[in-house]
Amino acid sequence: MAPAFRERVLALVARIPEGHVMTYGQLALLAGQPGAARQVGFVMNSLMGSVSAGGNGLPWHRVINAQGRVSTHKVGFGDMQEGLLRAEGVVLDGVGRCDLAARQWWPEEERGAPPTPLL
DNA sequence: GTTGTGACTTTTT
DNA sequence: GAAAAAGCCACAA
């Protein structure tokens with residue numbers, strides 16, 4: 001039986017290497033629910049209150065939207081996320097945007113015939 | 001069991 | 001480039 005959607009997303013987020021990011025739609029797709037990008041974000045928000053409201057060790061800050069922008073600004077974590085990303089080597093511009101084409105990462109498990117661009 | 005909401009995505013204007 | 005609308009599904013009360 002497939003694990004909970006939440007577990008799936010968290011597992012993927014936990015595998016994101018340093019200096020790389022994943023989009024919500026991407027996580028939703030890998031989790032088996034294409035189009036459920038919103039739920040990915042909701043799961044993350046739930047996770048904050050479920051674990052320790054800090055990150056529990058999950059690089060949730062590596063999760064951004066398809067526009068390569070940080071979505072946590074409206075939740076109040078944008079400032080923190082930007083700091084964490086910059087600390088890992090992710091370059092953010094003045095509008096909190098990053099080079100998604102170069103920073104987006106795909107799990108090796110799905111790298112069978114993937115769009116994995118390069119690095 | 002039903003209702004409401006949301007850290008999104010994509011296309012179109 | 002920016003804004004608006006519709007679609008989508010999971011989690012919480």
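Just so it is clear, the values below take in all heavy atoms, side chains as well, and ignore hydrogens, waters and symmetry mates. Everything numeric in this text was worked out from a predicted model, so none of it was measured. Chain naming here is simple, since letters A, B, ... match the order of the sequence lines and numbering starts at 1 in each.
Proximity of A:Gln33 to the phosphate of C:dA10: a side-chain N or O atom is located under 4.0 Å from OP1 or OP2.
For A:Phe5 and C:dC11, the CZ to P distance is 8 Å, given to the nearest whole Å. Atom pair A:Glu82:CD and B:dA7:C1' shows a separation of 14 Å (rounding to whole Å applied). Distance, A:Met44 CE to C:dC11 C1': 15 Å, rounded to whole Å. Here the C1' atom of nucleotide C:dA10 and the CG atom of A:Asn45 are 13 Å apart, to the nearest Å.
When the salt bridge (charged side-chain N to carboxylate O under 4.0 Å, His left out) test is applied to A:Arg62, the partners found at least two apart in sequence or on another chain are A:Glu88. Scanning for side chain to side chain donor-acceptor pair (under 3.5 Å) contacts around A:Arg69 gives an empty result, with sequence neighbours left out. Residues satisfying the salt bridge (charged side-chain N to carboxylate O under 4.0 Å, His left out) criterion with A:Arg97, sequence neighbours excluded, are A:Asp93.
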Tell me, for nucleotides 8-13 of chain B in 5' to 3' order, what letter each nucleotide earns: B for a base near a protein heavy atom under 4.0 Å, S for only sugar-phosphate near one, - for neither?
BSS---
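Within the model, atoms OG1 of A:Thr72 and CD of A:Gln81 stand 3.5 Å from one another, a figure rounded to the nearest 0.5 Å.
Alongside A:Ile64, the hydrophobic cluster contains A:Val21, A:Val70, A:Leu85, A:Val90, A:Leu92, A:Leu100 (criterion: ILVMFWY side chains under 4.5 Å).
For residues 30-44 of chain A, no residue pair satisfies the salt bridge (Lys or Arg N to Asp or Glu O under 4.0 Å) rule, not counting sequence neighbours. The side chain to side chain donor-acceptor pair (under 3.5 Å) pairs that include a residue from residues 21-35 of chain A are A:Gln26-A:Gln104, where partners are two or more places apart or lie in different chains. Listed by first then second residue, pairs satisfying salt bridge (Lys or Arg N to Asp or Glu O under 4.0 Å) with a partner in residues 76-87 of chain A number zero, not counting sequence neighbours.
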Taking only N/O atoms, report every protein-nucleotides 1-4 of chain C pair under 3.5 Å with atom names and distance.
none

